[in-house]
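The shown structure was predicted, so the numbers you read here are calculated from the model rather than taken from an experiment. Order of appearance sets the numbers: ligands from 1, and atoms from 1 within every ligand.
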Amino acid sequence: MKQSDLGIVGLGVMGENLALNFDRNGFAVSGYDLDDTKRENFARRTHAAAPRSLQELVASLRTPRVLLLMVPAGAAVDAVLADLRPLLAAGDIVIDGGNTRFTDTQRRMLELEGTGILYVGAGVSGGEEGALRGPAIMAGGHVQAWPRVKPMLQAIAARAEDGQPCCDWMGPSAAGHYVKMVHNGIEYADMQTICEAYFLMQQLARLQPAEMSEVFAGWNRGELSSYLVGITAEILARTDPETAKPMVDVIVDTAEQKGTGKWASQAALDLGVTAPTIADAVFARTVSAVRAERAAASQVLRGPSLAFAGDREAFVEKIRRALLAAKVCAYAQGFQLLAAADREYAWDLPFGTVAGVWRAGCIIRARLLEDIRRAYVRDPKLANLLLDEHFAAVMADSHQALRDVVAAAAQHGVPVPAFMSALAYYDSYRAARLPANLLQAQRDYFGAHTYQRLDRPGKFHTKWTEA
Ligand code: 6PG
C-alpha cells in the first residue's frame with residue numbers, strides 16, 4: 001500500500017479542510033480521530049485513508065513520519081502526545097497546528113527531550129476557509145524538522161501578492177505559537193476598533209447598517225483594505241430572513257472568547273510591554289458579556305445627553321482616519337510584544353517575515369502589512385513601528401482625526417476603549433516627559449522605594465515626614 005506523506009490527528013472541520021488542501025497539492029494524507037463518525041465523514045469527503053487506530057495511522061506513514069495534530073488546544077494535545085510517543089521513532093516529526101498556549105509548547109518540547117522526536121508548534125490562521133484554500137502558517141520549534149515540513153506547509157499556505165507563501169519559520173521553541181498569539185491579540189484589537197467605528201457611525205452619525213456597509217466597502221478599497229473590514233461590509237449588508245431586519249440588529253451584543261487575546265495581554269504584562277489597545281479589546285469583550293448588569297446600570301448611571309450636531313460625512317471620514325491610526329498603534333504594540341519576547345527568549349524572530357506571513361491567509365490580513373514588512377526590511381532593529389518613516393507620516397496625518405473622534409465619543413458618552421487607549425499609547429510613547437517623577441516620589445514616600453534623579457546617577461531616598 002502506498003504510504004501517506006502526512007497523518008492528521010483530529011478530524012474536525014480544520015483537520016478535514018487541511019487534508020483536502022494537502023491532497024489538492026499532491027500530498028497523500030491519512031487521518032485519524034477518536035470519534036468514529038468524524039473518521040467516516042472524513043473518509044467519505046476527502047477520499048483519504050482513515051485508519052481506525054493511532055497505531056494504524058502511524059503505520060500508514062512514510063518515514064521519517066510527519067504528524068499534524070489538529071485537536072483542541074490543551075489537555076487533548078497532551079493526551080494524543082502520550083499515546084503517540086511510544087509509536088514514534090527518532091526523526092519523526094509532530095506538528096501541533098492548534099491555538100496552543102506558547103508555554104505549553106515550551107513544556108512539551110522539554111518533555112520530548114531525549115526521544116529524538118522533532119516538534120513543531122505551528123500557528124495556523126484563517127479559519128475553516130483558510131484551512132481549505134490557504135492559511136497563514138507560523139512555524140517554530142526544532143529547526144531540523146523545517147526542511148522536511150517546509151515544502152508541505154508552504155504548498156498549502158496562502159500566497160501574498162508577490163507570490164511568496166504565507167508560511168515561514170519563526171524560530172526555535174514556541175516562537176511559532178507565540179507569533180500566532182500576538183496575531184490573535186492584534187486580531188482582537190482590529191475587530192474591536194472596527195466595532196467602535198461602527199458604533200460611532202450608528203450612535204452619533206445615525207447611519208443605518210446598509211449605509212455603513214457601503215462605508216466599510218469603500219474603506220476596503222483604500223489604505224484600510226483588509227479581510228476584517230471586508231467581512232464587516234458584508235455582515236452589515238445582510239438581512240435576517242426571519243424578521244427582515246438587518247442581521248446585526250438581531251444579534252445579541254455580547255462577545256465570547258477562547259482566550260488567545262487574554263494570553264497576549266498577559267504576556268505583555270509579564271514582559272512589561274505596553275499593549276493597552278490589545279488588552280482593552282479583551283476588556284471590551286468582558287464588559288460586553290455582563291449584559292444584564294449593563295442593562296441595570298443603564299437605568300442608574302448618568303451620562304451626557306448631547307445630540308450629535310456635526311457634519312455626518314466629515315465625521316465618517318474622521319472615523320476612517322481614526323481607525324487607521326488606531327490600527328497602526330495596535331500593530332506597533334503587537335510588534336513591541338514580539339520584540340520583548342525576542343529579547344526574553346533569544347528566538348531571533350524575523351519581524352519582516354512575520355509581517356510578510358500575515359499578508360494573506362490569516363484573519364488580520366491587510367494591505368498595511370506590506371508596509372509593515374517593508375519597515376522591518378528597512379530596519380530589522382526598528383525600536384517601534386511608529387518610528388518608521390512611513391508610519392510616522394501616517395500618524396502625523398491621522399492622529400488629529402483620532403483625537404477628534406475620541407473627543408466626540410467622550411463628549412457624547414459613547415464607549416470607544418480601543419480608540420482611546422490607542423491615542424493614549426501614541427501620546428505616551430511620544431512624550432519626552434511623563435508624570436512618573438511624581439510616582440517615584442509617592443513610592444518613596446510610603447515605601448522608601450527610593451527614586452532616581454535627573455541631575456546625577458544613583459538611588460535616593462528622602463525622609464518625607466517628620467515623625
Ligand atoms: C485565526 C483565528 C482563530 C481563533 C478565532 C476565535 O487566526 O484563524 O485567530 O484561530 O480561534 O478567531 O478566537 P476567539 O474565540 O478568541 O475570538
Side-chain angles (χ1 to χ4, degrees), residues 10 12-18 21 68-74 76-77 95-102 104-105 121-140 153 156-158 160 166-168 170 174-196 226-232 235 251-268 275 277-289 330-331 334 337-338 354-366 369 418:
V13 191
M14 289 294 285
E16 194 173 297
N17 283 357
L18 285 170
N21 191 344
L68 171 61
L69 313 189
M70 292 306 299
V71 298
V77 178
I95 308 170
D96 172 15
N99 262 337
T100 289
R101 195 169 192 167
F102 80 97
D104 282 341
T105 301
V124 179
S125 177
E128 297 170 7
E129 184 79 4
L132 183 65
R133 299 190 193 286
I137 304 173
M138 298 137 251
L153 296 181
I156 64 150
C166 288
C167 164
D168 221 318
M170 301 291 125
H177 277 140
Y178 202 97
V179 171
K180 177 61 176 29
M181 174 187 76
V182 174
H183 165 285
N184 280 37
I186 294 172
E187 173 184 304
Y188 272 54
D190 257 353
M191 293 170 79
Q192 177 59 25
T193 47
I194 290 172
C195 290
E196 291 176 9
S226 62
Y227 172 72
L228 286 169
V229 167
I231 65 165
T232 302
I235 291 166
I251 298 177
V252 175
D253 58 332
T254 58
E256 296 183 355
Q257 51 181 314
K258 293 211 199 79
T260 46
K262 182 182 78 177
W263 297 344
S265 306
Q266 288 172 325
T277 311
I278 292 172
D280 264 318
V282 181
F283 291 135
R285 292 197 193 189
T286 55
V287 73
S288 83
Y331 274 83
L337 180 51
L338 287 178
V354 171
V357 164
W358 289 348
R359 285 177 301 172
C362 65
I363 303 296
I364 64 169
R365 59 187 184 260
L369 278 156

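In this structure, CZ on R359 lies 13.5 Å from CZ on R365, to the nearest 0.5 angstrom. For the atom pair OG1 (T193) and CD1 (I186), the distance works out to 11.5 Å, reported to the nearest 0.5 Å. The OG1 atom of T100 lies 8.5 Å from the CG atom of L69; values are rounded to the nearest 0.5 Å. The CD1 atom of I231 sits 6.5 Å away from atom CE of M191, with the distance rounded to the nearest 0.5 Å. Rounding to the nearest 0.5 angstrom, the gap separating the CZ atom in R101 from the CH2 atom in W263 is 6.0 Å.
Every heavy atom of G261 sits 4.0 Å or more from the atoms of ligand 1. The shortest heavy-atom distance from G126 to ligand 1 is under 4.0 Å. Residue contact annotation: K180 has a non-hydrogen atom under 4.0 Å from ligand 1.
Of the possible polar contacts, none joining the S125 side chain to the A136 backbone as a donor-acceptor pair under 3.5 Å is found. Judged by distance alone, the side chain of H183 and the main-chain N or O of C362 form no donor-acceptor pair under 3.5 Å.
Residue-environment remark: CZ (R133) stays at or below the threshold of 12 foreign heavy atoms within 6.0 Å.
Below 4.0 Å from some heavy atom of G127 lie the following atoms of ligand 1, by number and element: 8 (O). Close approach of ligand 1 to I363 (heavy-atom distance below 4.0 Å) involves ligand atoms 1 (C), 2 (C), 7 (O), 8 (O). Heavy-atom contacts of Q257 reach the following atoms of ligand 1: 15 (O), 16 (O) (cutoff under 4.0 Å).
At the shortest separation from atom 16 (O) of ligand 1 among protein heavy atoms lies Y188 OH, 2.5 Å. What sits closest to atom 6 (C) of ligand 1 on the protein, heavy atoms only, is K258 NZ, 3.7 Å. Atom 17 (O) of ligand 1 has R285 NH1, 2.7 Å as its closest protein atom, hydrogens excluded (heavy atom only). Protein heavy atom at the shortest distance from atom 7 (O) of ligand 1 is S125 OG, 2.4 Å. Closest to atom 3 (C) of ligand 1, if we only count protein heavy atoms, is N99 ND2, 3.7 Å.
Within the 4.5 Å cutoff, no side-chain heavy atoms of D280 are placed close to those of Q192.
The closest non-hydrogen atom to atom 2 (C) of ligand 1, taken over R365, H183, E129, E187, comes from E187.
Neither the backbone nor the side chain of K262 comes within 4.0 Å of ligand 1, counting heavy atoms alone.
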